[in-house]
Visitor: 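This is the structure, below, for whatever I ask next.
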Amino acid sequence: MRASPFVTLAITVAIQSLVSAAVLVVPVLAPVIGPVYGVGAETLGAYVALVYCGAMIGSLMAGEWVTRLGAIRASQLGMVLSASGLLLSLLGWLPLVVAGALLIGIGYGPITPASSHLLVKTTPARRMSLVFSIKQTGVPLGGVLAGVVAPWLLEWVGWRGALAGFALASLLCTVLSQGLRRELDADRKPLHRAASGKLRAPLKLIFSQRSLVLLALASLTFSAVQLSVSAYTVTYLHDSLGYTLVLAGLMLSIAQVAGVVGRILWGWCADRLGSAISTLAVLAIAMALSCWALAALPAGSHQVLLGLVLFALGAGAIGWNGVYLAEVARQAPPGQAGMATAGTLTCTFLGVVLGPPVFGLVVSLTGSYRIAFFLIAVPALLAGVLLYAQRRHFRLPGQAAGR
């Protein structure tokens, strides 16, 4: 198989979709899996935090993996680790679920830096936001897979069969991607050896440049909203608003589909307007307003109204990533897009680690998902305002790098 730009984009989308689904399948099935392990739905935040603690580790290691193994091999390793984490989670012992969450996260960590390494070499600057946004549709597509397929598999083969099915899909994609490795990993350096200091290099890079620090800070708050929505929406709709688990999963899928549409639309808008920062500021406002709308819905709201609110929420809270990652690549020094992506993603994943547990804590303290949905959006709104206020510090499309 020849690794054309289209094929390269397609395989990165497929890999991102499957690893993203692996992250979300346990939270989607939490109302069924939780009682098996004797834990409540509020522990979802702790599970998501474990996954993204692993993702922070995987992200910091990504630069070395991509350099030495190649971007495709690093992605394959990530898929194998994620599949292994799912298989551990179905064995019926809670410590193995903890270990499985960490493995899923470590596997998730290198996926985006590896894809950025592949795409930045073939993408014109004027189309970078759009191409990166198309690639990042893999995240909400993974959410659609988890939201629709997991409840269906639950009814057909049980929750253990559902986890095994998602693990098998990742392993199959690992095998299929092997045909592209020779060409896409031609720039790997197999004799390269990692040094402990190099694991800190991604963070050192982003903290040396104000624009990257601002993007990393905004992504921390945005990701806290995104993963709280992905992890808690089904439980909120089921426990607080009285919808069935299947319908609640379908509604989450609407938000994920909106995220797919939003990522492409916002990427096109950012390229068209020539200002990714202004686009991100608008998205911060959109995700805050839609979070507050979801929190305000009364129990028994009409399904059409619920679907519209979740579509708006998904377009904003799940649609920002491609514009953000393209801007990181644009602001990175020449040849260091993968390294800058790894560093900023560490902060992104920190938002995921902090956001859902804080969301769960608010629910535990107040007994209200509504209050939690309202509060989680406030920092994201403030970060968007800060980005826009500091927009003069960002390099424009086509502008040469300078320090």
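One is the number of the first residue; the rest follow in order along the sequence.
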Visitor: A quick test of your reading: do over 12 heavy atoms of other residues, nucleotides or ligands sit less than 6.0 Å from OH of Tyr37?
Guide: yes
Visitor: For the residue pair Ile104 and Leu86, establish whether any side-chain heavy-atom pair is separated by less than 4.5 Å.
Guide: yes
Visitor: What's the shortest heavy-atom distance between Ser253 and Val148, and which atoms?
Guide: OG-CG2, 3.0 Å
Visitor: Decide side chain to side chain contact (heavy atoms under 4.5 Å, CB included) for Trp268 and Ser133; before the verdict, give the C-alpha distance in whole Å, the side-chain angles of both, and the deciding distance to 0.1 Å.
Guide: CA-CA 8 Å; Trp268 179 85; Ser133 294; over 6 Å; no
Visitor: Do Ser368 and Val363 touch side chain to side chain, with heavy atoms closer than 4.5 Å?
Guide: no
Visitor: Assess whether ring pair (Phe, Tyr, Trp, His ring centres under 6.0 Å) is satisfied between Tyr236 and Phe373, documenting all intermediate values.
Guide: CA-CA 10 Å; Tyr236 168 59; Phe373 273 114; 5.1 Å; yes
Visitor: Within the structure provided, determine whether Leu119 and Lys135 are in side-chain contact (heavy-atom separation under 4.5 Å).
Guide: yes
Visitor: To the nearest 0.5 Å, tell me how far Gln303 CD sits from Leu308 CG.
Guide: 12.0 Å
Visitor: Determine, stepwise, if the pair Val378 / Trp292 fulfils side chain to side chain contact (heavy atoms under 4.5 Å, CB included).
Guide: CA-CA 10 Å; Val378 174; Trp292 297 340; 4.2 Å; yes
Visitor: Can you find a heavy atom in the side chain of Gln209 that is under 4.5 Å from one in the side chain of Pro333?
Guide: yes
Visitor: What pair of heavy atoms forms the shortest contact from Val225 to Ala380, and how long is it?
Guide: CG2-CB, 3.9 Å
Visitor: For the backbone of Gly70 and the side chain of Arg188, can you confirm whether one donor and one acceptor N or O come within less than 3.5 Å of each other?
Guide: no
Visitor: Starting at CG of Asp187, measure out to OG1 of Thr67 and round the result to the nearest 0.5 Å.
Guide: 8.5 Å
Visitor: Have Thr112 and Gln16 got a donor and an acceptor in their side chains that come within less than 3.5 Å?
Guide: yes
Visitor: Would you say that Phe166 contacts Leu153 through its side chain, given a criterion of any heavy-atom pair below 4.5 Å between the two side chains?
Guide: yes
Visitor: Counting N and O atoms only, with roles assigned by atom type, does the side chain of Trp266 sit under 3.5 Å from a partner on the main chain of Ala315, one being a donor and the other an acceptor?
Guide: yes
Visitor: Can you tell me how far CG of Leu91 sits from CG of Leu96, rounded to the nearest 0.5 angstrom?
Guide: 5.5 Å
Visitor: Can you tell me if Thr341 uses its side chain to pair, donor with acceptor, with the backbone of Ser116 under 3.5 Å?
Guide: no
Visitor: For residues Ser75 and Ala114, report the shortest heavy-atom separation together with the two atoms involved.
Guide: OG-CB, 3.6 Å
Visitor: Is any side-chain heavy atom of Met251 less than 4.5 Å from a side-chain heavy atom of Val234?
Guide: no
Visitor: Locate the shortest heavy-atom distance separating Trp320 from Ser223; write the atom from each residue and the value.
Guide: CZ2-N, 3.6 Å
Visitor: Short question: side chain of Ser228, backbone of Ala224 - any donor-acceptor pair under 3.5 Å?
Guide: yes
Visitor: Give the minimum heavy-atom separation between Leu24 and Ala146, together with the two atoms involved.
Guide: CB-CB, 3.9 Å
Visitor: Between Gln331 and Arg210, is there a side-chain donor-acceptor contact under 3.5 Å, judged purely by atom types and distance?
Guide: no
Visitor: Would you say Ser278's side chain and Ser275's backbone share a donor-acceptor pair under 3.5 angstrom?
Guide: no
Visitor: Is a side-chain donor or acceptor of Asp271 paired with a backbone partner of Leu130 at a separation under 3.5 angstrom?
Guide: yes
Visitor: Looking at side-chain heavy atoms only, is the closest gap between Val139 and Arg263 below 4.5 Å?
Guide: yes
Visitor: Any chance you could measure Ile15, atom CD1, to Ser20, atom OG, to the nearest 0.5 Å?
Guide: 11.5 Å
Visitor: Rounded to the nearest 0.5 Å, what separation is found between the OG1 atom of Thr348 and the CD atom of Gln226?
Guide: 9.5 Å
Visitor: Take the angle between the ring planes of Phe359 and Tyr232 and call it parallel below 30°, perpendicular above 60°, tilted in between.
Guide: parallel
Visitor: Report yes or no: do Thr12 and Ser115 form a side-chain donor-acceptor pair below 3.5 Å?
Guide: no
Visitor: Between Leu237 and Leu310, is a side chain to side chain contact (heavy atoms under 4.5 Å, CB included) present by the stated rule, with each step listed?
Guide: CA-CA 11 Å; Leu237 296 181; Leu310 284 169; 4.0 Å; yes
Visitor: Are any of the side-chain heavy atoms of Tyr243 and Ser301 separated by less than 4.5 Å?
Guide: yes
Visitor: Leu283 and Gly316: which non-hydrogen atoms are nearest, and at how many Å?
Guide: CD2-CA, 4.1 Å
Visitor: Going by the angle between their ring planes, with limits at 30° and 60°, are Phe349 and Tyr52 parallel, tilted or perpendicular?
Guide: tilted
Visitor: Apply side chain to side chain contact (heavy atoms under 4.5 Å, CB included) to the pair Thr235 and Tyr369, showing each step before the final yes or no.
Guide: CA-CA 9 Å; Thr235 303; Tyr369 285 94; 3.4 Å; yes
Visitor: With distance as the sole criterion, is a donor-acceptor pair present between the side chains of Gln76 and Arg73 under 3.5 Å?
Guide: yes
Visitor: Is there a donor-acceptor pair closer than 3.5 Å between any side-chain N or O of Arg370 and the backbone N or O of Leu297?
Guide: yes
Visitor: CD1/Ile206 to CG/Leu215 distance, rounded to the nearest 0.5 angstrom?
Guide: 9.5 Å
